[in-house]
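Keep in mind that the numbers below use all heavy atoms, side chains included, and drop hydrogens, waters and symmetry copies.
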Amino acid sequence: MYPKETEKFLLSVQKPGRYTGGELNSVIKDKNSVDIRYAFCFPDTYEIGMSHLGMKILYSLVNSREDAWCERVFAPWIDMEEIMRKNSIPLYALESGDPIRDFDLIGFTMQYELSYTNVLNMLDLAGLPVRSADRKELTPIVVAGGTCVCNAEPMADFFDITLPGDGEEVTMELIDLLKECKKNGSSKRGFLEAAAKIKGVYVPSLYEVEYNEDNTVKSITATCGAPEKVEKRNVADLDKMFAPSEFVVPFLETVFDRTTVEIFRGCIRGCRFCQAGFLNRPLREKSPEVVEKQCREICGSSGYDEISLCSLSTSDYKGLEPLLKNMLPWANENKINIALPSLRVDNFPKELMEQLNTVRRSGLTFAPEAGTQRLRDVINKNITEEDVLSTARRAFSGGWTAVKLYFMIGLPTETEEDIKGIADLAQAVVDEYYNNENRPKGKSVSVSVSLASLVPKPFTPFQWEPQDKPDVLIEKQNYLISCVKTRKVNVSRHVPWTSFLEGVFSRGDRRLGAVIETAWRKGCHFDSWDECLDREKWMESFEENGIDPFFYTARRREFNEILPWDHIDYGVTKKFLENENKKAHEGVTTACCREKCAGCGANRLNGGVCNEINKTVV
């Protein structure tokens with residue numbers, strides 16, 4: 001529970017439930033009976049962090065140990081931070097109310113580059129030095145996992161350890177090692193050198209980086225016995241992997257106010273812009289029986305009336321039909337809605353739509369990503385306009401009236417025709433509704449277009465591509481809006497300056513650590529929130545540190561350039577990504593993994609196995 005000294009301030013802040021703890025299914029232990037205390041930190045607000053599945057899994061996993069206690073920590077919003085600083089209240093964990101500076105492990109999940117300044121702010125609120133080198137004692141050890149640590153270099157000065165890949169197994173091994181080192185009185189350096197020998201552990205301080213005169217990376221050298229390449233951790237069998245039987249039920253409405261069960265990791269599609277699809281290879285599926293059992297347990301312990309079947313491409317799950325056949329009877333009986341995010345328009349069968357129609361109907365969301373077939377081939381989306389329209393046709397016949405379409409701008413080889421094609425495709429979906437005799441009578445259609453800007457990411461075929469500058473993206477956004485001729489189509493768009501900063505840090509190197517710290521000291525944090533992003537302070541921070549941010553975004557990299565993340569191994573080979581980049585510029589597609597193995601290399605992480613429930617070797 002919250003510290004006693006905060007009680008008198010809670011009614012003076014927005015959403016005091018963010019800071020109290022005490023929710024249903026939260027775990028309370030005797031701190032004197034555990035060896036390791038773990039503060040799991042989400043560097044954003046409570047409502048966002050409590051929607052994150054990874055936190056829920058690791059929270060329950062660590063707490064399944066008798067010798068460890070995992071507690072939750074979120075970034076306090078601006079009003080609460082002001083009170084904490086004014087009254088010398090250190091950042092605390094929700095379960096005990098204890099300051100996290102007294103914990104053994106402080107773990108951050110890094111899902112978004114614009115949360116980097118929040119990490120520094122949370123460490124400072126905890127009363128800890130923000131730089132790893134200034135934290136001399138063995139504990140607390142500051143660890144990070146999540147998507148962003150595929151290139152942890154901009155944050156290398158702040159984290160002691162990062163964990164590329166799946167976190168379940170390596171977290172337990174790290175706790176075991178730290179417990180042993182505490183018992184033996186080891187130094188922090190001794191612990192870090194030992195940790196570097198665990199597969200899937202990256203210790204930034206054990207690597208030396210040199211730069212060429214043109215500011216590109218000259219070399220990355222491992223020291224003190226650290227591996228030349230850090231191979232990501234990969235949980236091979238999801239059926240045997242730990243899954244929580246209950247989640248903490250939040251007091252507040254969260255961003256995704258529902259419970260979630262993962263059905264597979266990875267993706268068979270190979271969209272060339274999609275970092276998650278490449279980072280999470282090889283594809284590993286849970287069996288329908290295991291998924292259904294986990295869904296029953298979670299719904300029973302949490303009381304949620306909606307459950308999301310989570311994956312990168314849910315309709316690619318081979319066990320979806322038998323899973324829904326078994327789930328729908330008890331879901332209907334208990335009035336539980338089943339949400340299927342990340343559906344593809346080319347494999348969304350009529351039978352599935354009919355099954356979903358028996359429970360509470362949600363809006364349908366699809367991602368054509370590009371407005372023309374030429375550009376969809378460039379990005380390897382492997383869907384056609386007819387796929388989109390035929391799926392919309394079935395949806396409208398089934399009673400749906402709202403469709404959300406995800407698109408991107410700033411893609412390689414993009415032209416004005418491609419941008420106009422987004423408006424044309426959205427209009428075609430509207431027309432499909434009114435041309436459909438079986439549409440819901442007396443209702444109008446709503447087509448929402450969500451427009452993202454391409455941020456080329458590490459470990460994708462587009463990692464060498466230049467990123468459009470903010471002013472160019474604004475011009476493209478305005479052009480698209482001018483092409484929309486109906487109020488039935490609503491366009492929402494990302495802030496280009498947000499995408500710009502994301503691009504700088506996603507492909508940046510260690511020299512950006514000074515920029516991040518400078519910006520934070522100027523007051524930058526919650527940079528992903530439009531009302532908090534301060535463009536001028538960021539540009540001042542780049543200038544003061546002699547850094548040209550467009551060096552990281554606006555230039556095309558050569559294939560032989562050493563990239564800041566080349567010493568991290570996510571399984572997919574660099575040569576495969578290079579070949580995919582060349583195929584993109586030729587407009588040549590690559591078949592999905594189930595049609596033909598493209599030889600990406602990731603299956604070696606599973607001993608030559610990927611892609612199928614029945615463990616077919618490819």
A.B. asks: Given 3.5 Å as the limit, does a donor-acceptor pair link the side chain of Asn118 with the main chain of Phe526, or not?
C.D. replies: yes

A.B. asks: Under the side chain to side chain contact (heavy atoms under 4.5 Å, CB included) criterion, do Phe159 and Phe108 qualify, and how do the steps go?
C.D. replies: CA-CA 9 Å; Phe159 292 134; Phe108 287 90; 4.0 Å; yes

A.B. asks: Roughly how far apart are Ile48 CD1 and Ser528 OG, rounded to 0.5 Å?
C.D. replies: 6.0 Å

A.B. asks: Rounded to the nearest 0.5 Å, how far does CG of Leu105 lie from NZ of Lys179?
C.D. replies: 13.0 Å

A.B. asks: Kindly state whether the ring of Phe74 and the ring of Tyr46 have centres lying under 6.0 angstrom apart.
C.D. replies: yes

A.B. asks: Are side-chain N/O atoms of Glu47 and Trp77 paired as donor and acceptor at under 3.5 Å?
C.D. replies: no

A.B. asks: If every non-hydrogen atom of Met84 is compared with every non-hydrogen atom of Pro90, which pair is closest and at what distance?
C.D. replies: CE-O, 3.6 Å

A.B. asks: Quick one: pull up CG in Leu91 and CE in Met80 and give me the separation to the nearest 0.5 Å.
C.D. replies: 9.5 Å

A.B. asks: What is the distance from atom CG of Leu24 to atom CZ of Phe251, rounded to the nearest 0.5 Å?
C.D. replies: 8.5 Å

A.B. asks: What I want to find out is whether Arg37 reaches Glu95 closely enough, with some N-O distance under 4.0 Å, to be called a salt bridge.
C.D. replies: no

A.B. asks: If you look at every heavy atom in Ile336 and Trp330, which pair is closest and at what distance?
C.D. replies: CD1-CZ3, 3.9 Å

A.B. asks: Below 4.5 Å, heavy atoms only, C-beta onward: do Met122 and Ser115 meet side chain to side chain?
C.D. replies: no

A.B. asks: For Glu517 versus Leu120, what's the shortest heavy-atom pair and its separation?
C.D. replies: CA-CD2, 3.7 Å

A.B. asks: If you take all heavy atoms of Ser26 and Arg72, which pair is closest and at what distance?
C.D. replies: CB-NH2, 3.9 Å

A.B. asks: Would you say Lys293 has more than 12 foreign heavy atoms packed within less than 6.0 Å of its NZ?
C.D. replies: no

A.B. asks: Would you say the side-chain atoms of Asn63 and Tyr38 include a donor-acceptor pair closer than 3.5 Å?
C.D. replies: no

A.B. asks: If every non-hydrogen atom of Ser311 is compared with every non-hydrogen atom of Ile263, which pair is closest and at what distance?
C.D. replies: CB-CG1, 3.8 Å

A.B. asks: Output all residues satisfying side chain to side chain contact (heavy atoms under 4.5 Å, CB included) with Val572, sequence neighbours left out; order by chain, then residue number.
C.D. replies: Phe278, Arg281, Phe576, Leu577, Cys600, Ala602

A.B. asks: Would you mind checking if Asp569 and Lys229 are paired as a salt bridge, meaning a charged N to carboxylate O distance below 4.0 Å?
C.D. replies: no

A.B. asks: Would you call Lys457 and Glu502 a salt bridge, using N to O less than 4.0 angstrom?
C.D. replies: yes

A.B. asks: Do you see a donor-acceptor pair shorter than 3.5 Å between the side chains of Ser287 and Asp239?
C.D. replies: yes

A.B. asks: Would the distance check show the side chain of Arg65 and the main-chain N or O of Met172 forming a donor-acceptor pair, the cut-off being under 3.5 Å?
C.D. replies: yes

A.B. asks: I would like to know whether Arg269 and Glu369 meet salt bridge (Lys or Arg N to Asp or Glu O under 4.0 Å); could you show each step before the answer?
C.D. replies: CA-CA 13 Å; Arg269 295 293 171 173; Glu369 305 294 2; over 6 Å; no

A.B. asks: Just wondering, are more than 12 heavy atoms of other shown residues or ligands nearer than 6.0 Å to NZ in Lys574?
C.D. replies: yes

A.B. asks: Check whether any side-chain N or O of Arg284 sits under 3.5 Å from a backbone N or O of Pro282 as a donor-acceptor pair, and report yes or no.
C.D. replies: yes

A.B. asks: Relative to the ring of His52, is the ring of Phe42 parallel (under 30°), tilted (30 to 60°) or perpendicular (over 60°)?
C.D. replies: tilted

A.B. asks: Keeping the roles fixed (side chain from Tyr59, backbone from Val27), state whether a donor-acceptor pair exists under 3.5 Å.
C.D. replies: yes

A.B. asks: Using the rule salt bridge (Lys or Arg N to Asp or Glu O under 4.0 Å), only one of Asp104, Asp176, Asp35 pairs with Lys182; which is it?
C.D. replies: Asp104

A.B. asks: Would the distance check show the side chain of Arg594 and the main-chain N or O of Asp316 forming a donor-acceptor pair, the cut-off being under 3.5 Å?
C.D. replies: yes

A.B. asks: Only distances under 3.5 Å count here; give the side-chain donor-acceptor pairs of residues 141-151 to other protein atoms, sequence neighbours excluded, each with its distance to 0.1 Å.
C.D. replies:
residue: Asn151; atom: OD1; partner: Glu153; partner atom: N; Å: 3.4
residue: Asn151; atom: ND2; partner: Ser506; partner atom: O; Å: 3.0
residue: Asn151; atom: ND2; partner: Gly508; partner atom: O; Å: 3.0

A.B. asks: Kindly say whether Ser448 contributes a backbone atom to a donor-acceptor pair with the side chain of Ser492 at under 3.5 angstrom?
C.D. replies: no

A.B. asks: Taking the side chain as C-beta and beyond, is there a heavy-atom pair between Asn337 and Asp305 under 4.5 Å?
C.D. replies: no

A.B. asks: I need the Phe273 CZ to Ile379 CD1 distance, nearest 0.5 Å.
C.D. replies: 5.0 Å

A.B. asks: With a 4.0 Å cut-off on N to O distance, would you call Glu285 and Lys318 a salt bridge?
C.D. replies: no

A.B. asks: With the side chain counted from C-beta on, respond yes when Leu163 and Val201 share a heavy-atom pair under 4.5 Å apart, and no when they do not.
C.D. replies: yes

A.B. asks: Mark yes or no for whether Arg135, through its side chain, and Val130, through its backbone, hold a donor-acceptor pair below 3.5 Å.
C.D. replies: yes

A.B. asks: Is any side-chain heavy atom of Ile100 less than 4.5 Å from a side-chain heavy atom of Pro140?
C.D. replies: no

A.B. asks: Check whether Arg507 reaches the backbone of Gln463 with its side chain - one donor and one acceptor, N or O, closer than 3.5 Å.
C.D. replies: yes

A.B. asks: Look only at the side chain of Glu71 and the backbone of Ser96, and say whether a donor-acceptor pair between them is shorter than 3.5 Å.
C.D. replies: yes

A.B. asks: Roughly how far, to the nearest 0.5 Å, is CG of Asn25 from NZ of Lys56?
C.D. replies: 11.0 Å

A.B. asks: Apply side chain to side chain contact (heavy atoms under 4.5 Å, CB included) to the pair Val291 and Phe264, showing each step before the final yes or no.
C.D. replies: CA-CA 10 Å; Val291 174; Phe264 67 80; over 6 Å; no

A.B. asks: Counting only heavy atoms not in Gln14 (residues, nucleotides, ligands), do more than 12 fall under 6.0 Å from its CD?
C.D. replies: yes

A.B. asks: Examine the side chains of Glu81 and Asn121 and answer whether a donor and an acceptor come within less than 3.5 Å of each other.
C.D. replies: yes

A.B. asks: Is the closest basic N to carboxylate O distance between Asp102 and Lys31 below 4.0 Å?
C.D. replies: no

A.B. asks: For Gly49 versus Met55, what's the shortest heavy-atom pair and its separation?
C.D. replies: O-SD, 3.9 Å

A.B. asks: Evaluate Ile57 against Glu262 for side chain to side chain contact (heavy atoms under 4.5 Å, CB included), listing each step before the verdict.
C.D. replies: CA-CA 10 Å; Ile57 292 173; Glu262 188 178 27; 4.3 Å; yes

A.B. asks: Between Phe40 and Val62, is a side chain to side chain contact (heavy atoms under 4.5 Å, CB included) present by the stated rule, with each step listed?
C.D. replies: CA-CA 10 Å; Phe40 196 117; Val62 174; over 6 Å; no

A.B. asks: Has the side chain of Glu231 got a donor or acceptor atom that lies under 3.5 Å from a matching backbone atom of Leu605?
C.D. replies: no

